[in-house]
Amino acid sequence: MENDSFYEKVYWVVRQVPAGRVTTYGAIAAFLGTKGSSRVVGYAMGASVHVLPRVPAHRVVNRTGLLTGKQRFGSPHLMQQLLENEGIVVEDDQIKNFKEVFWDPATELILP
DNA sequence: TAATTGACATAAC
DNA sequence: TGTTATGCCAATT
């Protein structure tokens, strides 16, 4: 619906996440300036399935590296497979080398 | 319009 | 050290 809403910002950042890397809701929210809107980031991801191009929401996890919203992908195992396909080690919906694959937009993302 | 929810985060106990 | 409680911002009902 709204193309200029807070969601678009979230989608943009998530799309900048390189393959094999993951980020957290809090990192995205903080990057957008609204540190407390970490929940809204996850909410936006829930609507990302209606947005084109498809947002790699499988690269977005909570601060513990747990694949919380896997169910939103339609297939819980699909999210884990996608991450493993990108070289990310996931065990029991938990990213093992989370800190190694963690991608901080405020640090590694370069704005145009 | 107001109240509640939510794929989180942080502080306190 | 593990669990509980409160806060954050935006969207939904």
Side-chain angles (χ1 to χ4, degrees):
Chain A
M1 301 215 262
E2 305 81 24
N3 292 334
D4 289 55
S5 61
F6 186 86
Y7 287 14
E8 264 297 322
K9 299 178 184 177
V10 178
Y11 301 148
W12 183 83
V13 176
V14 177
R15 267 183 272 144
Q16 308 316 310
V17 179
R21 301 284 177 172
V22 295
T23 187
T24 65
Y25 303 99
I28 297 173
F31 176 75
L32 297 177
T34 50
K35 177 178 60 173
S37 62
S38 47
R39 310 161 94 122
V40 186
V41 175
Y43 202 89
M45 308 263 73
S48 66
V49 295
H50 304 289
V51 176
L52 274 301
R54 303 300 174 97
V55 180
H58 61 272
R59 295 178 188 154
V60 184
V61 295
N62 60 359
R63 85 164 182 91
T64 66
L66 184 68
L67 310 184
T68 33
K70 59 179 181 180
Q71 187 68 23
R72 289 294 176 205
F73 283 83
S75 298
H77 295 281
L78 177 62
M79 183 175 184
Q80 182 172 338
Q81 281 189 353
L82 290 171
L83 292 173
E84 291 180 334
N85 187 29
E86 295 181 352
I88 300 175
V89 181
V90 181
E91 183 174 290
D92 190 39
D93 302 332
Q94 174 69 42
I95 298 177
K96 305 310 279 183
N97 54 347
F98 174 61
K99 68 177 187 177
E100 296 181 13
V101 298
F102 174 68
W103 183 82
D104 188 353
T107 303
E108 305 198 43
L109 176 57
I110 304 174
L111 290 83

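The sequence lines fix the lettering, A, B, ..., with proteins before strands; numbering per chain opens at 1.
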When you get a sec, tell me which of [options] is the closest nucleotide to the side chain of [X]?
X	options	value
Tyr25(A)	dC8(B), dT10(B), dA10(C)	dC8(B)
Thr68(A)	dC8(B), dC9(C), dA9(B)	dC8(B)
Ala57(A)	dA7(B), dA9(B), dA10(C)	dA7(B)
Tyr7(A)	dA11(C), dG6(B), dA9(B)	dA11(C)
Phe73(A)	dA10(C), dC8(B), dA7(B)	dA7(B)

Can a salt bridge be assigned to the pair Glu108(A) and Arg21(A) using a cut-off of 4.0 Å between side-chain N and carboxylate O?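 No salt bridge links Glu108(A) with Arg21(A).
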From [atom1] of [X] over to [atom2] of [N], roughly how many Å is that when rounded to an integer?
X	N	atom1	atom2	value
Ile28(A)	dA7(B)	CD1	P	15 Å
Gln71(A)	dA7(B)	CD	C1'	11 Å
Asp104(A)	dA9(B)	CG	P	13 Å
Phe98(A)	dC8(B)	CZ	P	13 Å
Leu82(A)	dA7(B)	CG	P	20 Å
Arg39(A)	dT12(C)	CZ	P	16 Å
Leu32(A)	dA9(B)	CG	P	14 Å
Phe31(A)	dC8(C)	CZ	P	23 Å

Closest contact, heavy atoms only, Met45(A) versus Ala57(A):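 Heavy atoms of Met45(A) and Ala57(A) come nearest at SD-CB, 4.0 Å.
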State, to 0.1 Å, how close Tyr7(A) and Ala44(A) come at their nearest heavy-atom pair, and which atoms those are. CD1-CB, 3.5 Å
For Lys35(A), enumerate each residue passing the salt bridge (charged side-chain N to carboxylate O under 4.0 Å, His left out) test, keeping only those at least two apart in sequence or located in another chain.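 Residues passing salt bridge (charged side-chain N to carboxylate O under 4.0 Å, His left out) with Lys35(A): none at all.
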Given Ile28(A), which partner from the list Thr34(A), Val60(A), Val40(A) fulfils the side-chain contact (heavy atoms from CB on, under 4.5 Å) test?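 Passing option: Val60(A).
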What residues in residues 42-52 of chain A put a non-hydrogen atom under 4.0 Å from any atom of DNA chain B? Gly42(A), Met45(A), Gly46(A)
Take the angle between the ring planes of Phe31(A) and Trp12(A) and call it parallel below 30°, perpendicular above 60°, tilted in between. parallel
Distance col, row Arg63(A):CZ vs Phe98(A):CZ, nearest 0.5 angstrom, shows 9.0 Å
Does any N or O donor sit under 3.5 Å from an N or O acceptor when you compare the side chain of Ser37(A) with the base of dC9(C)?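 A donor-acceptor contact between them is absent.
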